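Have a look at the structure below, then the notes.
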Number of protein chains: 2
Amino acid sequence: MTRIPPADRRAALVQAALRVIARDGVTAATTRRIVGEAGMSLASFHYVFESRDELMAELVNAVVSSEQTDLEPALDASRAPIGIRAAIRSGLQHYFDGVRADPDREKAMFELTQWALREPGFAPLAGRQYDRYYELAERAARDAAALTGSVWNRPIAEIARLLVTLTDGVTIAWLVTRDDAAAERALDFAADALAAFAEPADGGAAVGSLLHNPNAGIR
Amino acid sequence: MTRIPPADRRAALVQAALRVIARDGVTAATTRRIVGEAGMSLASFHYVFESRDELMAELVNAVVSSEQTDLEPALDASRAPIGIRAAIRSGLQHYFDGVRADPDREKAMFELTQWALREPGFAPLAGRQYDRYYELAERAARDAAALTGSVWNRPIAEIARLLVTLTDGVTIAWLVTRDDAAAERALDFAADALAAFAEPADGGAAVGSLLHNPNAGIR
DNA sequence: GTCTATAACCGGATAGAC
DNA sequence: GTCTATCCGGTTATAGAC
């Protein structure tokens with residue numbers, strides 16, 4: 001067959017493995033299934049990868065660095081300025097729409113985390129996966145505040161962790177129950193609770209924060 | 001060997017499987033490993049179980065019905081009455097202490113859920129697992145309100161779902177990062193946010209709720 | 001470099017002796 | 001009823017032809 005540069009072959013196998021994992025789970029991602037998905041021979045696999053574990057490590061790294069889980073508020077430049085609560089809620093909705101559009105992908109992310117937690121020597125990979133999540137959440141939190149002229153009154157790293165904690169919880173519950181309405185209510189709750197940690201950037205912040213009604217906007 | 005009633009043998013195998021899963025994960029729970037753990041022969045397994053799937057189904061059912069994950073506030077009858085926020089926080093701490101005391105068990109619960117979600121025909125089992133969680137959370141929410149003379153101003157089923165969503169998120173984050181301080185902060189956050197959904201049982205509820213400061217008690 | 005063929009092993013499940 | 005021995009398919013990884 002035509003020769004393929006090893007780097008390209010590795011990348012192709014990682015992508016094939018990701019498709020298999022999304023479709024059938026980490027357990028189903030055997031070397032044979034992966035090379036089948038990639039249209040290669042088994043020997044080609046072991047020509048560019050020492051072992052299945054080596055591929056899995058590269059796969060998690062690829063997932064982590066390409067991860068674009070989107071918590072950014074869906075921006076519409078032409079729209080009127082919105083409050084921080086609406087910005088958070090919009091970002092959460094954006095994320096959740098992604099989950100609903102591709103549940104298998106989300107299931108795969110959880111499976112990869114748990115696989116890494118279980119596989120000896122791979123736990124740090126799960127840590128890096130979550131560091132990346134926190135990084136993305138932090139960016140989203142920063143943008144939401146900037147967009148609405150707000151400031152967070154707690155360290156942004158804490159806000160980011162809460163965001164990930166909440167989205168994880170909502171995602172798992174939805175994957176199990178597929179209850180859209182309950183998920184939306186949980187996102188309302190999350191937006192309300194997080195908005196309580198933001199205040200207007202100008203001086204008159206304290207009063208606004210104190211009087212903020214955490215129930216506002218929950219239907 | 002000595003004869004063992006089939007029901008006892010089934011139970012013993014389920015318990016052995018649970019130990020293997022907690023120790024080494026669902027993937028490692030092969031029939032051979034399970035019978036090894038139980039000190040039986042492979043044939044004994046297939047004498048009382050049609051297949052490995054049949055054991056797994058019984059195992060999840062056993063887990064679900066014996067599940068005693070404890071979200072109840074740690075009560076001390078001799079202690080002064082406490083507010084709803086403290087009661088919730090105490091229950092969450094109680095739960096989290098359990099997670100920290102036996103992380104493998106918690107990891108196993110997540111793995112079982114994901115295994116069921118993935119295995120054809122077993123998704124309803126994951127649903128029942130979560131129904132049970134919601135049931136336990138609902139009981140805890142009811143008790144916390146009764147204990148503190150409060151009433152929930154939202155359906156208790158919603159409170160229960162939020163509780164499970166929050167504990168799931170906190171648990172996953174902790175299993176990955178092992179960051180105790182961050183978990184405690186998240187539990188503070190959860191207690192504050194949930195307390196906003198409770199009011200004193202007597203008439204003067206509205207004002208108290210409106211003025212409730214969701215940041216109170218977060219260190 | 002890429003292939004086919006195979007080694008070496010582990011999985012669930014079963015046959016048949018006792 | 002419980003055992004040992006075995007079947008058979010699937011797994012990772014490698015050997016060796018081309």
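Below, read A as the first sequence line, B as the second, and so on, with proteins coming before strands; counting in each chain starts at 1. Side-chain atoms are counted along with the backbone in the values below, which use heavy atoms only and exclude waters and symmetry mates. What you see is a predicted model, and the numbers here were worked out from it, not measured in a lab.
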Side chains of residues 24-32 of chain B: which donor-acceptor partners sit under 3.5 Å, not counting sequence neighbours?
| unit_1 | atom_1 | unit_2 | atom_2 | d |
| --- | --- | --- | --- | --- |
| B/Asp24 | OD2 | B/Arg33 | NH2 | 2.6 |
| B/Thr30 | OG1 | B/Arg33 | N | 3.1 |

What integer distance in Å separates [X]:[atom1] from [N]:[atom2]?
X	N	atom1	atom2	answer
A/Ile34	D/dA13	CD1	C1'	14 Å
B/Met56	C/dG11	CE	P	15 Å
A/Arg3	C/dT2	CZ	P	6 Å

Who are the ring pair (Phe, Tyr, Trp, His ring centres under 6.0 Å) partners of [X], not counting sequence neighbours?
X	result
A/Trp174	A/Phe96
B/Tyr95	none
A/Phe110	none
A/Phe122	A/Trp115

Tell me which pairs pass side-chain hydrogen bond (donor to acceptor under 3.5 Å, both in side chains) where either residue lies in residues 45-55 of chain A, with sequence neighbours left out.
A/Arg10-A/Glu54

Go through residues 112-120 of chain B and report each residue with a non-hydrogen atom lying under 4.0 Å from DNA chain C, sorted by number.
none

Sequence neighbours left out, what passes salt bridge (charged side-chain N to carboxylate O under 4.0 Å, His left out) with B/Glu111? Give chain and number order.
A/Arg118

Look at B/Ser41 and D/dT4 and indicate whether a side-chain polar atom (N or O) is within less than 4.0 Å of OP1 or OP2.
no

Is any side-chain N or O of A/Thr30 closer than 4.0 Å to OP1 or OP2 of D/dT11?
yes

Using the 3.5 Å cut-off, write out each protein N or O paired with an N or O of nucleotides 13-18 of chain C and the distance between them.
| unit_1 | atom_1 | unit_2 | atom_2 | d |
| --- | --- | --- | --- | --- |
| C/dA13 | OP2 | B/Arg52 | N | 2.8 |

Any base atoms under 4.0 Å from A/Arg33, or only sugar-phosphate, or nothing? Heavy atoms, all strands.
nothing

Start with the C-alpha gap between A/Asp192 and A/Arg89, add the side-chain angles, then the distance that decides, and say whether salt bridge (Lys or Arg N to Asp or Glu O under 4.0 Å) holds.
CA-CA 8 Å; A/Asp192 288 327; A/Arg89 187 61 181 79; over 6 Å; no

